[in-house]
Novice: 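Can you read through this structure? Questions will come right after.
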Amino acid sequence: MPPRPSTFSIAARDPETDAVGVAVQSKFVGVGAVVPFVSADAGAVATQSFANVAYGPDGLDLLREGHAPAEAIDRLTGADDEAPSRQVGIVGVDPEEPPAAFTGDECHDHAGDRQGDHYTVQGNILENADTLDAMAAAFEETDGGLPERLIAALHAGNEAGGDKRGEQSAALYVAKPEGGYDGRNDRWVDVRVDDHERPIDELERVFKIYDVTLLEREAPDETRELAGETAVAVGSALADLGFYDGEPTAEFGEDARDALESFRGMNNFENHSLAVLEDAVARGWEETAPGDDAESRLVDAIWNGLSRLDRV
């Protein structure tokens, strides 16, 4: 029998944006290649435990055919002789259809699942049942978009107990109509960490870079310019990275702004104008961690500053 990943996941939808997604963490390498299956025209499937990866495409097809998540699960497991070893959670795009999950009797403890109006959480080989309760509560209580709420659920589950065997990989996969690169597909967010000591932390770090680089935000009503101590700190960070060779001052002048423009271009942050980027850094710098390296602080500042703006 192939190894059974010790896994917890959440499949969820956001009716306001028509986004659907899965977030997952596992003591298993490359969990993003096994568990999450998502399509904006159907819904999201998380297949795990002794995972039957056919549940992914077949489950999405059943949703497209008009089957409710519970009906889709009945069909998938009813045709599978090894269903007692499987675990699967499904959420459809129809907000009137409740999500559903299945945890086979032969899944290793602790194994179980929980459902809410727009999500299902499931896990196996967990430290405790609190992992699932914490994930559900975090998803319901966290502000922000669907990606942030999914990541918050992973953090909460891990902090409550998480995988009995530890951590290794994590993934976040969210689909939205025309949400992909240049609007040519529905792959809105697709971020994976295949092998890491703290995969959820790393997933969040990579997601922030992905967000700033690839996802668009509404235009701000007004923008701020860098000034004062923040201007000095940002100038110093740009100097540390080799973009600025002047003396950082409280007035963020043209040379410093040119350095920020170079940083913007080098990191492919063209989704945001220089004025919007400077505004984001000015608003978000205080929320960054002083101990982080210069590049991480700048990216975090941009992400924090942009977070007040809705994604489009």
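These numbers were taken from a predicted model, which means no experiment stands behind them. These values consider heavy atoms only, across backbone and side chains, with no hydrogens, waters or symmetry-generated copies.
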Novice: Give a yes or no on whether Glu140 atom CD has more than 12 heavy-atom contacts from other residues, nucleotides or ligands under 6.0 Å away.
Specialist: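 More than 12 heavy atoms, drawn from other residues, nucleotides or ligands, come within 6.0 Å of this atom.
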Novice: Calculate, to the nearest 0.5 Å, the distance between atoms CG and OG belonging to Asn124 and Ser49 respectively.
Specialist: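 These two atoms lie 4.5 Å from each other.
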Novice: If you measure from CG on Asp18 to CG on Asp41, what distance do you get to the nearest 0.5 Å?
Specialist: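 Going from the CG atom of Asp18 to the CG atom of Asp41 covers 11.5 Å.
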Novice: Roughly how far, to the nearest 0.5 Å, is the CZ atom of Arg283 from the CG atom of Leu306?
Specialist: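 These two atoms lie 10.5 Å from each other.
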Novice: So does Glu278 get a backbone contact from the side chain of Glu225, meaning a donor-acceptor N/O pair under 3.5 Å?
Specialist: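 Here the side-chain-to-backbone pair does not exist.
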Novice: When hydrophobic residues are tied together by side-chain contacts of less than 4.5 Å, even through go-betweens, does Ile10 share a cluster with Leu63?
Specialist: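 Ile10 does not cluster with Leu63.
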Novice: When clusters are formed by joining ILVMFWY residues with side-chain heavy atoms under 4.5 Å apart, either directly or through shared neighbours, do Phe8 and Ile151 land in the same one?
Specialist: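 Phe8 clusters together with Ile151.
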Novice: So, Gln87 side chain and Gly123 main chain: donor-acceptor pair closer than 3.5 Å or not?
Specialist: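 Answer holds: yes.
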Novice: Which residue in the set Asp194, Asp195, Val34 passes side chain to side chain contact (heavy atoms under 4.5 Å, CB included) when paired with Phe28?
Specialist: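 Of all the options given, the one that passes is Val34.
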Novice: Which atoms form the tightest heavy-atom contact between Pro15 and His118, and what is the distance?
Specialist: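 For Pro15 versus His118, the nearest heavy atoms are CG-CE1, 3.5 Å.
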Novice: With no hydrogens and no angle check, do the side chains of Asp113 and Thr103 hold a donor and an acceptor under 3.5 Å apart?
Specialist: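 Side chains of Asp113 and Thr103: pair found under 3.5 Å.
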Novice: Scan side-chain atoms only and decide if Thr131 and Asn128 contain a donor-acceptor pair under the 3.5 Å cut-off.
Specialist: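 Short answer, yes.
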Novice: How many angstroms lie between atom CZ of Arg205 and atom CH2 of Trp303, to the nearest 0.5 angstrom?
Specialist: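 One gets 14.0 Å once the value is rounded to the nearest 0.5 Å.
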Novice: Can you see whether Phe50 has Arg86 sitting over its ring - NZ or CZ less than 6.0 Å from the centre and within 45° of the normal?
Specialist: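 Positive - Arg86 is close enough to the ring of Phe50 and near enough to its axis.
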Novice: Would you give the length of the straight line joining atom CG of Leu172 to atom CH2 of Trp188, rounded to the nearest 0.5 angstrom?
Specialist: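 It is 9.5 Å, given to the nearest 0.5 Å.
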Novice: May I ask you to decide if Glu106's main-chain N or O and Ser85's side chain share a donor-acceptor pair within less than 3.5 Å?
Specialist: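 Judged by distance alone, no pair lies under 3.5 Å.
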Novice: Treating Ile, Leu, Val, Met, Phe, Trp and Tyr as nodes and any side-chain heavy-atom pair under 4.5 angstrom as an edge, say whether Leu150 and Leu126 lie in one connected cluster.
Specialist: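 Hydrophobic grouping puts Leu150 with Leu126.
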Novice: Can you name the nearest heavy-atom pair linking Pro248 to Gly235, along with the distance?
Specialist: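 Nearest heavy atoms, Pro248 then Gly235: CG-C, 3.8 Å.
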Novice: If you compare all heavy atoms of Ala101 against all heavy atoms of Gln115, which two are closest, and at what distance to 0.1 Å?
Specialist: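 Heavy atoms only, the tightest pair is CB-NE2, 3.2 Å.
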Novice: I'd like to know if the side chain of Glu71 reaches the main chain of Ala68, judged simply by a donor and an acceptor atom lying under 3.5 Å from each other, with no hydrogens or angles considered.
Specialist: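 Yes, because the side chain of Glu71 sits within donor-acceptor range (under 3.5 Å) of the backbone of Ala68.
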Novice: State plainly whether the residues Asp61 and Arg64 are in salt-bridge range, i.e. N to O under 4.0 Å.
Specialist: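 Answer for the salt bridge query: yes.
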Novice: Shortest non-hydrogen contact from Val38 to Val20?
Specialist: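 Nearest pair, atom of Val38 first, then Val20: CG1-O, 3.3 Å.
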Novice: Mark yes or no for whether Asn271, through its side chain, and Leu214, through its backbone, hold a donor-acceptor pair below 3.5 Å.
Specialist: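 The answer is yes, because a donor-acceptor pair under 3.5 Å joins these two groups.
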Novice: If only atom types and distance count, is the side chain of Gln25 paired as donor or acceptor with the main-chain N or O of Ala170 below 3.5 Å?
Specialist: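 Here the side-chain-to-backbone pair does not exist.
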Novice: Would you say CD of Glu218 has more than 12 non-hydrogen atoms from neighbouring residues, nucleotides or ligands within 6.0 angstrom?
Specialist: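 Atom CD in Glu218 is packed in, count exceeds 12.
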Novice: Applying salt bridge (charged side-chain N to carboxylate O under 4.0 Å, His left out), can you list everything that pairs with Asp182, at least two apart in sequence or on another chain?
Specialist: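 Partners of Asp182 under the salt bridge (charged side-chain N to carboxylate O under 4.0 Å, His left out) test: Arg184.
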Novice: Is there a side-chain contact between His155 and Glu204 (heavy atoms, below 4.5 Å)?
Specialist: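 His155 reaches Glu204 side chain to side chain.
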Novice: Please answer whether the main-chain N or O of Arg224 pairs with a side-chain N or O of Asp279 as donor and acceptor at a distance below 3.5 Å.
Specialist: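 Looks like yes, one N/O pair under 3.5 Å.
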Novice: Test your reading of the model: is there a side-chain donor-acceptor pair from Thr77 to the backbone of Ala83, 3.5 Å cut-off?
Specialist: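 It does not hold such a pair.
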Novice: Take a 6.0 Å sphere around CZ of Arg75 and say whether it holds more than 12 heavy atoms from other residues, nucleotides or ligands.
Specialist: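 Open: at most 12 neighbouring heavy atoms sit under 6.0 Å from CZ of Arg75.
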Novice: Going by side chain to side chain contact (heavy atoms under 4.5 Å, CB included), Thr120 matches just one of Ser9, Pro99, Pro98, Pro69. Which one?
Specialist: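 One option only clears the test, and that one is Pro99.
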Novice: ring-ring contact (aromatic ring centres under 6.0 Å, His included) with Phe102: which residues, sequence neighbours excluded?
Specialist: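 For Phe102 there are no ring-ring contact (aromatic ring centres under 6.0 Å, His included) partners, ignoring immediate neighbours.
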Novice: Is there side-chain contact between Leu298 and Trp285, with at least one heavy-atom pair below 4.5 Å?
Specialist: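 With C-beta onward as the side chain, the pair touches.
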Novice: Tell me, yes or no, whether the heavy-atom count around Arg308 atom CZ, taken from other residues, nucleotides or ligands under 6.0 Å, exceeds 12.
Specialist: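 Yes, because the 6.0 Å sphere around CZ of Arg308 holds more than 12 heavy atoms from other groups.
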Novice: Do Val299 and Phe269 have side chains that get closer than 4.5 Å, going by heavy atoms?
Specialist: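 They are in contact (side-chain heavy atoms under 4.5 Å apart), so the answer is yes.
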Novice: Could you state whether Val191 and Phe139 fall into the same hydrophobic cluster, counting links through intermediate Ile, Leu, Val, Met, Phe, Trp or Tyr residues with side-chain heavy atoms under 4.5 angstrom apart?
Specialist: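 Same hydrophobic cluster.
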Novice: What are the two closest non-hydrogen atoms of Val24 and Pro36, and how far apart are they?
Specialist: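 In terms of heavy atoms, the two residues are closest at CG1-CD, 4.5 Å.
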Novice: What is the distance from atom NZ of Lys176 to atom CZ of Arg187, rounded to the nearest 0.5 Å?
Specialist: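 Going from NZ on Lys176 over to CZ on Arg187, the span is 15.5 Å.
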Novice: May I ask whether Ile302 and Tyr244 are part of the same hydrophobic cluster, defined by side-chain heavy atoms of I, L, V, M, F, W, Y residues being less than 4.5 angstrom apart, directly or through others?
Specialist: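 Yes: a chain of side-chain contacts under 4.5 Å links Ile302 to Tyr244.
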Novice: Looking at Ile209, Asp211, Leu203, which one forms a side chain to side chain contact (heavy atoms under 4.5 Å, CB included) with Phe207?
Specialist: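 One option only clears the test, and that one is Asp211.
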Novice: Given 3.5 Å as the limit, does a donor-acceptor pair link the side chain of Asp163 with the main chain of Arg165, or not?
Specialist: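 Not confirmed, Asp163 side chain does not pair with Arg165 backbone.
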Novice: Is the closest basic N to carboxylate O distance between Arg311 and Glu148 below 4.0 Å?
Specialist: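 Answer for the salt bridge query: yes.
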Novice: If you take all heavy atoms of Met135 and Gly157, which pair is closest and at what distance?
Specialist: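 Looks like CG-CA, 3.5 Å.
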Novice: Using only atom types and a distance under 3.5 Å, with no angle test, would you say the side chain of Asp80 pairs donor to acceptor with the backbone of Leu76?
Specialist: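 No; zero donor-acceptor contacts below 3.5 Å.
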